[in-house]
Amino acid sequence: MKSVAIGKLMIALALAAAPAVQAQSADLVGGARDSVRVMRHPNGARSIYSRQSNMKGMRCSTYQSDGRLVAVNDYIEGRNGELVACNIYDHTKRNIIYRVAYGYDSSAKLIEERMYTNPEGKLVQRVIYKYDADGKRSKPIIVSLNPAAAKKAIAPTMSGEVETMHRQLKKGKR
């Protein structure tokens, strides 16, 4: 039974992150132009990015095409406005299932994501980013440290869309 739940969770997390890579359009939502963006995906799913009320982060809620909530990611900013962590909730928005920490190099380029189970704090995945001579980020190198899910990596939480939405939402409030 537990393996079925873990399998469903892996699918939900993959849906939450994967569609962002294939996203077609970012739309502004009515009266909240400076604090909300909607990303519509080819498969009918949508991700809603919103500025947190304390202005120290961003929330991404991803819904399937039928409107069911798949996952919620809360991104947390550091002192300099960079995203330093992410809490990944289940579809109820009440239970944190993973916590993610982001690492940057001295040039403020994202170089690693580390995903931990919650509340145990067990490292289950590392996502490593490399950059070419022009500063363009490579595809992520995903290292799964979870033997139960050795063949299924969890999608990285810091896609290009997440960074773009974060910049837009920060700029909109200034």
Side-chain angles (χ1 to χ4, degrees), residues 1-77 83 85-100 102 110 113-118 124-125 127 129 137-142 144 146 148-173:
M1 186 68 156
K2 189 174 183 179
S3 64
V4 171
I6 290 171
K8 286 182 180 179
L9 173 63
M10 296 296 218
I11 291 168
L13 289 170
L15 282 172
V21 175
Q22 307 167 9
Q24 288 182 331
S25 66
D27 301 320
L28 297 176
V29 173
R33 292 194 187 303
D34 55 355
S35 62
V36 177
R37 298 287 186 276
V38 176
M39 186 66 63
R40 299 185 195 289
H41 308 290
N43 64 1
R46 72 185 187 290
S47 296
I48 300 174
Y49 294 85
S50 58
R51 198 77 176 134
Q52 295 288 54
S53 59
N54 63 6
M55 300 309 295
K56 291 294 180 190
M58 174 180 71
R59 171 170 279 183
C60 175
S61 300
T62 301
Y63 298 85
Q64 291 180 341
S65 59
D66 64 4
R68 284 185 294 146
L69 180 66
V70 176
V72 175
N73 292 5
D74 279 342
Y75 294 89
I76 302 156
E77 289 179 5
L83 296 175
C86 177
N87 292 326
I88 301 173
Y89 295 83
D90 65 7
H91 68 285
T92 67
K93 291 190 195 180
R94 288 189 297 265
N95 304 309
I96 297 174
I97 49 178
Y98 290 108
R99 293 186 186 273
V100 181
Y102 302 112
L110 177 69
E113 295 182 26
R114 289 187 178 205
M115 184 176 288
Y116 300 89
T117 58
N118 188 65
V124 292
Q125 181 170 279
V127 179
Y129 299 96
R137 187 164 74 189
S138 69
K139 289 185 176 182
I141 300 165
I142 302 173
S144 177
N146 182 358
K151 293 185 179 184
K152 292 184 181 181
I154 301 166
T157 60
M158 189 70 86
S159 69
E161 256 94 33
V162 168
E163 292 173 317
T164 299
M165 293 297 179
H166 181 243
R167 277 193 306 275
Q168 288 180 3
L169 290 170
K170 280 178 61 175
K171 187 177 181 181
K173 273 301 195 188

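Please read these numbers as outputs of a predicted model, since none were measured by experiment.
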Contacts of Arg59 that satisfy salt bridge (Lys or Arg N to Asp or Glu O under 4.0 Å) - sequence neighbours left out
Asp74

According to salt bridge (Lys or Arg N to Asp or Glu O under 4.0 Å), who are the partners of Arg68, at least two apart in sequence or on a separate chain?
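Asp66.
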
So, taking the atom named [atom1] in [X] and the one named [atom2] in [Y], what distance separates them when rounded to the nearest 0.5 Å?
X: Tyr98; Y: Asn118; atom1: OH; atom2: CG; result: 10.5 Å
X: Arg46; Y: Met39; atom1: CZ; atom2: CE; result: 13.5 Å
X: Tyr75; Y: Met58; atom1: OH; atom2: CE; result: 6.0 Å

Would you sort out whether Glu77 and Leu83 count as a side-chain contact (heavy atoms from CB on, under 4.5 Å), showing the intermediate values?
CA-CA 4 Å; Glu77 289 179 5; Leu83 296 175; 3.9 Å; yes

Using the side chain to side chain contact (heavy atoms under 4.5 Å, CB included) criterion, which residues pair with Thr92? Sequence neighbours excluded.
Asp90, Arg94, Asn95

Which residues share a side chain to side chain contact (heavy atoms under 4.5 Å, CB included) with Thr164, sequence neighbours left out
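For Thr164, the residues satisfying side chain to side chain contact (heavy atoms under 4.5 Å, CB included) (neighbours in sequence not counted) are Arg167, Gln168.
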
Applying side-chain contact (heavy atoms from CB on, under 4.5 Å) to Val127 and Met115, what does each step give before you reach the verdict?
CA-CA 8 Å; Val127 179; Met115 184 176 288; over 6 Å; no

For Arg114, enumerate each residue passing the side-chain hydrogen bond (donor to acceptor under 3.5 Å, both in side chains) test, keeping only those at least two apart in sequence or located in another chain.
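In terms of side-chain hydrogen bond (donor to acceptor under 3.5 Å, both in side chains), with neighbours along the sequence ignored, Arg114 is linked to Glu112.
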
The side-chain hydrogen bond (donor to acceptor under 3.5 Å, both in side chains) partners of Tyr63 (sequence neighbours excluded) come to none

Under the criterion side-chain contact (heavy atoms from CB on, under 4.5 Å), I'd like the reasoning laid out for Tyr102 against Tyr129: C-alpha separation, chi angles, the key distance, then a yes or no.
CA-CA 11 Å; Tyr102 302 112; Tyr129 299 96; over 6 Å; no

Nearest heavy-atom pair of Thr62 and Cys60: which atoms, and what distance?
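Nearest heavy atoms, Thr62 then Cys60: OG1-SG, 3.8 Å.
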
Minimum heavy-atom distance Ser61-Val72, with the two atoms named
OG-CG2, 4.0 Å

Identify which one of Ile76, Val100, Asn73 satisfies the side chain to side chain contact (heavy atoms under 4.5 Å, CB included) criterion when paired with Asn87.
Ile76

